[in-house]
Number of protein chains: 2
Amino acid sequence: MLNGTELKLFADAHVLDEMTDKQVRILLAAIEVFAEKGYANASTKEIANKADVAEGNIFSKYKNKRGLLNAIINPVIHSIFPAVLSDFNDASPIQSNYVTLHSFVDTVLRDRVQFLKENSAVLKIFVSELLYNNDVRVKLMQQFPTSYWKNINHNLNVLKENHLMVDWENTEILKLMWSVVSGMIVGYLLFNQPLESKEINHCIDALVKALSR
Amino acid sequence: MLNGTELKLFADAHVLDEMTDKQVRILLAAIEVFAEKGYANASTKEIANKADVAEGNIFSKYKNKRGLLNAIINPVIHSIFPAVLSDFNDASPIQSNYVTLHSFVDTVLRDRVQFLKENSAVLKIFVSELLYNNDVRVKLMQQFPTSYWKNINHNLNVLKENHLMVDWENTEILKLMWSVVSGMIVGYLLFNQPLESKEINHCIDALVKALSR
DNA sequence: CAATTGTTTGAGTATTTACTCACTCAATTA
DNA sequence: TAATTGAGTGAGTAAATACTCAAACAATTG
């Protein structure tokens, strides 16, 4: 049930460092149960059972049930915005000044579709929390500009200056791109619609046309 | 807190017929509390308090807490897909054969943005349920083709035949439109971003360009 | 081995919560 | 007025659940 690559997110965030076997199992079981029934309907007892661990062990690592949830959500907040955009900076083979609209859209879209597909369980937990937890929303908003804003801002501005792109606010452009990615992922995850490369290509073409000047 | 027009959805679905004052108050209070803290974290006691009603009264109208939830969600399932599309059928002043891509996108987008804005509380409850309740997803999928599929299918086919639109599957086209609407609504409802007509116009233009041939 | 440190256990507890049911009250009808 | 009906009440109950804590256990160190 749980996507195998899902652990990578936590390994990268060094969440697993100095964790015992049982503690890692608790984390994985929590992801699985939270994603299946939702945080509020998931009992710590069920998580402990699935992890093959005593219930009390959960609370020796985490202050409470919410602490366990935060351990799952925090890495998502810090990686939901694409790090791949650094590929467009000066050190990269693709020079930012010469980036085309198509290569920009193509890179970002594929990268995020891949990321969301690979982390679907934690994503579901995250989205659910986003709906009702204002703290998570605020944290996400704070993460947005610090993570990649300068870089992406620069790229968009260059494209606009070269008249290769519509003259919208950058936030509008990014929101449209996020919408398209989200739409595909929702269809895939919730409605079992296949995520074929044909559709991804269609969406990339659509976005390029939509954002072209 | 609760959008005043929200009741219209239930009046239209004749949910309120033969309901007493107190029962209507229960429904409204439930919408408010469910939307604020989520179904699982909402206690029937709090709903009863907010409705200024004895707790037991909830269970004389509804079999259980989930029955109350269903009474809220069902009307959404039956109205989430745009009824406005009947404006495009033969009886309408806008003849379906002469509809332009722009008028199509414009009408559908504005109508759904309006609908979602006006029903934001129930929408939130509905989306949350969509995440974890497969029954609701199935019901929604069943509703999709029966409600307006023929009509919209015809319109899209005509546009495609006249080479006014890309030759994608109709489901792809509609998914893209839904994605754009959803993105705007999410920004508006969760992140307090204003929903200015400038942005709506941008999105309409973007979609028209994206879907043009 | 002895001592120490940190991990794991799981029975026990306090609290919350959905739901019941015997009853009251108000309105309508005979 | 008396009888009937159905909405409304709210104290009470059984079950679920997050969290505690004292004890057991394992691993490492002196």
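The basis for the numbers below is simple: all heavy atoms, side chains too, and nothing from hydrogens, waters or symmetry mates. Each chain gets a letter, A, B and so on, in the order the sequences are listed, and its residues count up from 1.
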Q) Looking at B:Lys65, does any N or O in its side chain come under 4.0 Å of the phosphate oxygens OP1/OP2 on C:dA18? A) yes
(Q) Between P on C:dA18 and CG on B:Asn41, what's the gap in Å once rounded to a whole number? (A) 10 Å
Q) Separation of A:Met19 atom CE from C:dT7 atom P, in whole Å? A) 12 Å
(Q) Could you tell me how far apart A:Phe59 (CZ) and C:dG12 (P) are, to the nearest whole angstrom? (A) 18 Å
Q: Specify the separation, in whole Å, of atom CZ of B:Arg66 and atom C1' of C:dC19.
A: 16 Å
Q. From C:dA18, D:dG8, C:dT8, pick the nucleotide closest to the side chain of A:Gln23?
A. C:dT8
Q) For A:Arg66, does its backbone N or O pair with a side-chain atom of A:Tyr39 as donor and acceptor, under 3.5 Å? A) yes
Q: Please tell me which of the listed nucleotides, D:dC19, D:dG8, C:dT8, lies nearest to the side chain of A:Thr20?
A: C:dT8
**Q.** Whether A:Glu199 side chain and B:Glu172 backbone form a donor-acceptor pair below 3.5 Å
**A.** no
(Q) Using the side-chain heavy atoms of B:Ala54, tell me which of these nucleotides is nearest: D:dA18, C:dC19, D:dT9. (A) D:dT9
**Q.** Any donor-acceptor pair under 3.5 Å from B:Arg137 side chain to B:Leu131 backbone
**A.** yes
Q) Under the 3.5 angstrom rule, does the side chain of B:Asn74 hit a backbone N or O of B:Asn70 as a donor-acceptor pair? A) yes
Q) If you look at every strand shown and take non-hydrogen atoms under 4.0 Å, does B:Ala48 touch a base, only sugar-phosphate, or nothing? A) nothing
(Q) The side chain of B:Ser43 is closest to which nucleotide in this list: C:dC19, C:dA18, D:dC19? (A) C:dA18
Q.
Looking at A:Asp106 and A:Arg110, is there a salt bridge between them, counting it only when a charged N and a carboxylate O are closer than 4.0 Å?
A. yes
Q: Calculate the interatomic distance between B:Lys22 atom NZ and C:dA26 atom C1'; express it in whole Å.
A: 11 Å
(Q) Among C:dC19, D:dT9, D:dT17, which nucleotide has an atom closest to any side-chain atom of B:Asn57? (A) D:dT9
Q: To the nearest Å, give me how far apart CD (A:Glu55) and P (C:dT9) are.
A: 12 Å
Q. Reckon B:Ala42 touches a base, only the sugar-phosphate, or nothing at all at heavy-atom distances under 4.0 Å?
A. sugar-phosphate
Q: Calculate the interatomic distance between B:Asp21 atom CG and C:dA27 atom P; express it in whole Å.
A: 13 Å
Q: Mind calculating the distance between CD1 (A:Ile47) and P (D:dT17) to the nearest angstrom?
A: 11 Å
